[in-house]
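Structure first, commentary second.
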Amino acid sequence: MDVNIIFQIAAVGILVAVLNQVLVRAGREEQAMLTTLAGLVVVLFSVITHINNLFSTVRDLFDL
Amino acid sequence: MAIKIAAFGIFVSVILILLRQENKSFAMTLNILAGIFIFYLILPEINKILLMLNNLGENIKIQSNYILILFKTIGIAYICEFASQICQDAGEKTIASKISLGGKILILSFAIPILNELIQTVLNL
């Protein structure tokens, strides 16, 4: 768990946003929507694994 | 360490402003990740504090389940607070208040037995 993950997610977010704009300008709104959705799913997977790590750490720490 | 946390927090919130214009859901995921990262920054200190509390409990011969209940309460409070603030940031005030309500109920369910024991000991005086 280090700072790189934060930068990766930010980079993916900005990349997807730029891609979205490009596709919208090119007249393909559906693909734009799909790429944004795909980027979001990828990011959500990594966030879910980190949330899982956090909650299991807290569970071990406080014997929940 | 404090400087690292503060600098990191400010830095991420600047990135979040940029990201929020483009796509709100990315900003929320980054928000969650920043919270998790700051928790991992302070994890060693939390470990030390918990060890000290444990030793304190053994020295004073307090029954171990009181200390356990104390730890559980802190754990539940932290998790529910973390989740409810994330939901509040996302704009869902109702979900946030429901999560904190759930946390309070859970903590209360731990506290009731202690209250009973306290009243019993007072009555038996």
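The chains referred to below are lettered A, B, ... by the order of the sequence lines, with proteins before strands, and numbering in each begins at 1.
- Side-chain contact, B:E92 with B:Q88: no donor N or O sits under 3.5 Å from an acceptor N or O.
- Nearest approach of A:A10 to B:L30, heavy atoms of both residues: N-CD1, 4.1 Å.
- Neither the backbone nor the side chain of B:L16 comes within contact range of chain A; no heavy atom of the residue lies under 4.5 Å from a heavy atom of that chain.
- Ranking A:I9, A:V16, A:L64 against chain B, the residue ahead of the rest is A:L64, based on heavy-atom pairs under 4.5 Å.
- Summarising the local packing, CD1 of B:I3 is surrounded by 12 or fewer heavy atoms from other residues, nucleotides or ligands at distances under 6.0 Å.
- With a threshold of 4.5 angstrom between heavy atoms, B:L18 approaches chain A through side-chain atoms but not through N, CA, C or O.
- Looking at B:I46, only its side chain comes within 4.5 Å of chain A, counting heavy atoms on both sides.
- With a 4.5 Å cut-off on non-hydrogen atoms, A:N53 touches chain B through its backbone and its side chain both.
- Taking the six-membered ring for Trp, B:F71 and B:F110 have ring centres at least 6.0 Å apart.
- Aromatic ring centres of B:Y78 and B:F39: separated by under 6.0 Å.
- By number of non-hydrogen pairs under 4.5 angstrom with chain A, the leading residue of B:I79, B:I15, B:N23 is B:I79.
- Annotation: maximal heavy-atom pairing with chain B below 4.5 Å, among A:L61, A:T36, A:T57, occurs at A:L61.
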Intermediate values then yes/no, side-chain contact (heavy atoms from CB on, under 4.5 Å), A:H50 and A:I5: CA-CA 10 Å; A:H50 283 102; A:I5 296 164; 3.2 Å; yes

